[in-house]
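FYI, the numbering just counts along the sequence from 1. Fair warning: this is a prediction, and the values are worked out from it, not measured in the lab. Hydrogens, waters and symmetry mates are skipped; everything else that's a heavy atom, side chains included, is used. Remember, it's 1-based here, ligands and their atoms both numbered in the order they're listed.
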Amino acid sequence: MRKKIVAGNWKMNMDLAEGLKFAGSLEKYFKEKPAEKAQVILCPPFIHLAGISEIIKHGKIALGAQNCASDASGAYTGEVSAWMIKSTGAQYVILGHSERRTYYHEDDKLINKKTLLAINSGLKVIFCIGEVKSEREAGQHFLIVRRQLEEGLFSLTEEQIDMIVIAYEPVWAIGTGLTATPDQAQEMHKFIREQVKEKYGNDCAKKLPILYGGSCKPSNAAEIFSKPDVDGGLIGGAALKKEDFTAIAEAF
Ligand code: 13P
């Protein structure tokens with residue numbers, strides 16, 4: 001059985017006090033009522049990591065960052081390295097998010113470099129891929145996703161792939177209220193798993209969790225998660241509301 005995961009990407013929301021309070025209320029919730037089927041992961045801004053790490057001591061919630069530097073250490077003003085993230089107690093880092101690709105011009109090569117650094121620092125990577133609207137409309141979505149895998153991920157060894165969770169996030173569905181239909185998600189997730197199988201073999205492909213992201217909410221999560229190749233979700237807006245996020249974590 002593959003691991004099921006529901007990860008909340010808080011993006012650039014909540015100040016320190018708000019974030020700690022919110023994490024505390026989720027910790028309390030999941031301590032009393034653990035999400036039976038899913039690993040819950042919180043991905044707050046960097047400044048929350050160390051504090052939240054102290055709060056989530058019961059082990060029901062894991063912690064991740066939303067980005068890391070593309071170098072290990074040194075004179076890179078304003079950057080936060082994978083190793084620093086690891087030292088907070090976080091176990092995951094989101095890389096390749098479409099907002100990083102679009103607003104900060106991160107390309108597949110840079111994302112690949114960050115991915116290797118993160119893995120070498122002992123972090124698991126939530127590796128995001130997905131096409132924009134015009135690419136889907138032009139029927140290019142499989143090609144785009146194939147390229148993102150090939151150039152961003154497929155330099156990893158089979159052993160390193162064990163440290164990867166893929167998140168398929170069609171960019172046209174992020175924060176737009178438009179969700180991929182469960183069938184569209186399944187079609188792409190199956191395609192991704194096939195690419196991984198071709199490159200790394202069946203055992204590796206079978207083990208790899210592939211999450212869906214893009215306007216996932218309590219009203220659509222159960223149907224999307226019911227698809228055989230969908231192993232959970234990477235949640236944006238709905239991860240900022242306790243009722244929504246906990247409902248999604250229980251949607252399997
Ligand atoms: P929304 O759930 O707000 O569409 O965001 C998805 C996302 O980008 C998660 O990384």
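- From the protein, the heavy atom lying nearest to atom 7 (C) of ligand 1 is Glu169 OE2, 3.1 Å.
- No side-chain donor from either of Asp108 and Gln148 sits under 3.5 Å from a side-chain acceptor of the other.
- Heavy-atom distances between Lys11 and ligand 1 reach below 4.0 Å in at least one pair.
- Using a 4.0 Å cut-off between heavy atoms, Leu234 contacts ligand 1 through both its backbone and its side chain.
- Under a hydrophobic clustering in which Ile, Leu, Val, Met, Phe, Trp and Tyr are joined whenever their side-chain heavy atoms come within less than 4.5 Å, directly or via other members, Ile111 and Ile129 fall into the same cluster.
- A tilted orientation is assigned to the rings of Phe22 and Trp10, their planes being inclined by 30° to 60°.
- Of the protein's non-hydrogen atoms, Gly236 N, 2.9 Å is the one closest to atom 2 (O) of ligand 1.
- Between Phe154 and Tyr200, the distance separating the two ring centers is shorter than 6.0 angstrom.
- A distance-only check finds a donor-acceptor pair linking the side chain of His97 to the backbone of Glu99 [under 3.5 Å].
- Under the 4.0 angstrom criterion for non-hydrogen atoms, Gly175 is in contact with ligand 1.
- Ligand 1 has an N or O atom lying under 3.5 Å from an N or O atom of Gly237, backbone or side chain.
- Atoms of ligand 1 found under 4.0 Å from any heavy atom of Gly214, numbered from 1 in the order shown, are 4 (O), 6 (C).
- In this structure, the separation between CD1 on Ile5 and CD1 on Ile235 is 11.5 Å, given to the nearest 0.5 Å.
- For the residue pair Tyr168 and Glu131, a side-chain donor N or O sits within less than 3.5 Å of a side-chain acceptor on the partner.
- Residue Glu99 has no nitrogen or oxygen atom sitting less than 3.5 Å from a nitrogen or oxygen atom of ligand 1, judged on distance alone.
- Only the backbone of Ala173 comes within 4.0 Å of ligand 1, judged by heavy-atom distances.
- Any N or O atom pair closer than 3.5 Å counts here, and Ser215 shares at least one such pair with ligand 1.
- Relative orientation of the Phe142 and Phe191 rings is tilted, given thresholds of 30° and 60° on the angle between their planes.
- For ligand 1, the atoms sitting less than 4.0 Å from at least one non-hydrogen atom of Asn9 are 9 (C), 10 (O), numbered in the order shown with element in parentheses.
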